[in-house]
Amino acid sequence: MDYSDLYTTYFNRLVQVASIWNSREDAEDMVQDVLVRLWERRDTLTFVNDSYAYALAAVRHKCKDRLKHLARVREHQRGVWSALRLACDLETPAVIAEYHELECRLDRAVGQLPQRCRMVFAMSRYEGKRHAEIASEMGIAVNTVECHMTAALSRLRKII
């Protein structure tokens with residue numbers, strides 16, 4: 001079976017399953033990732049019955065991991081916003097203006113970072129992703145992610 005056979009045989013059925021928990025577009029992306037990974041590892045994998053069961057389990061796990069990630073991001077954002085609201089409620093207009101100015105300076109400073117550093121910083125700080133997740137998505141080593149974060153934080157401290 002070549003990749004096009006694998007794709008045409010499994011894609012629509014797997015997308016239907018993934019669409020239960022995700023948007024159609026996200027489901028298609030996840031299934032595509034699973035099928036590519038399955039194809040790349042075809043020589044090292046042995047299937048007891050058929051590869052569909054394996055692909056189905058992989059899609060379910062990918063959906064579950066995405067839902068966990070989205071829950072972590074929402075929780076992080078909720079915590080950040082509640083802390084910011086609390087700070088704003090307790091502070092004077094002058095302090096609120098300082099927060100706003102600092103936020104603007106931070107946005108400008110992040111914009112000055114090299115592209116890879118900026119991407120790693122945004123994925124870590126704004127999207128709440130772990131270094132391993134960032135490394136996997138960007139196709140780089142975890143140590144490289146850590147180096148980019150260290151460089152980004154160092155530059156931001158100097159700029160701000």
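When reading the values below, keep in mind they use all heavy atoms of this one structure, side chains included, and skip hydrogens, waters and symmetry mates. The first residue of the sequence shown is numbered 1, and numbering continues consecutively from there. Computed from a predicted structure; not experimentally measured.
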* How many angstroms lie between atom SG of Cys117 and atom CZ of Arg155, to the nearest 0.5 angstrom? -> 6.0 Å
* Is there a side-chain contact between Leu102 and Glu98, using heavy atoms and a 4.5 Å cut-off? -> no
* **Qualifying residues under salt bridge (Lys or Arg N to Asp or Glu O under 4.0 Å), relative to Glu25, sequence neighbours excluded** => none
* **Test side-chain contact (heavy atoms from CB on, under 4.5 Å) applied to Met138 - qualifying residues, sequence neighbours left out** => Arg116, Met119, Val120, Met123, Ile134, Ile140
* To do: Could you tell me which residues satisfy salt bridge (Lys or Arg N to Asp or Glu O under 4.0 Å) with Glu40, sequence neighbours excluded, listed by chain and number?
  => none
* Shortest non-hydrogen contact from Leu38 to Ala55? -> CD2-CB, 4.2 Å
* To do: Measure up the Tyr3 and Trp39 rings against each other and bin them: parallel (under 30°), tilted (30 to 60°), perpendicular (over 60°).
  => perpendicular
* Gap separating the CZ atom of Arg72 from the CG atom of Leu67, nearest 0.5 angstrom -> 11.5 Å
* To do: Side-chain contact test, heavy atoms from C-beta onward, threshold under 4.5 Å: evaluate it for Arg118 versus Phe121 and give yes or no.
  => no
* Asked: Can you name the side-chain contact (heavy atoms from CB on, under 4.5 Å) partners of Glu103, sequence neighbours left out?
  -> His100, Asp107
* Asked: Any link between Ile20 and Leu70 through a network of hydrophobic side chains (Ile, Leu, Val, Met, Phe, Trp, Tyr) touching at under 4.5 Å?
  -> no
* Asked: Do the non-hydrogen side-chain atoms of Glu28 and Arg24 ever get within less than 4.5 Å of each other?
  -> yes
* To do: Measure the OG1-OH distance between Thr9 and Tyr52 for me, rounded to the nearest 0.5 Å.
  => 11.5 Å
* Given Leu35 and Leu14, is the side-chain contact (heavy atoms from CB on, under 4.5 Å) satisfied, shown in steps? -> CA-CA 10 Å; Leu35 292 178; Leu14 293 172; 4.0 Å; yes
* Kindly state each residue pair satisfying side chain to side chain donor-acceptor pair (under 3.5 Å) with at least one member in residues 58-68, sequence neighbours excluded. => Asn22-Arg66, Asp26-Arg66
* To do: Write down the atom of Ala18, the atom of Ala27, and the distance for their closest heavy-atom approach.
  => CB-CB, 3.6 Å
* Return the set of residues passing side-chain contact (heavy atoms from CB on, under 4.5 Å) with Asn143 (not counting sequence neighbours), or none when no residue passes. => Glu146
* Thr8 side chain vs Asp5 backbone, donor-acceptor pair below 3.5 Å -> yes
* Thr150 backbone acceptor or donor facing Ser154 side chain under 3.5 Å -> no
* For Arg125, the option from Leu156, Leu153, Val110 that meets side chain to side chain contact (heavy atoms under 4.5 Å, CB included) -> Leu153
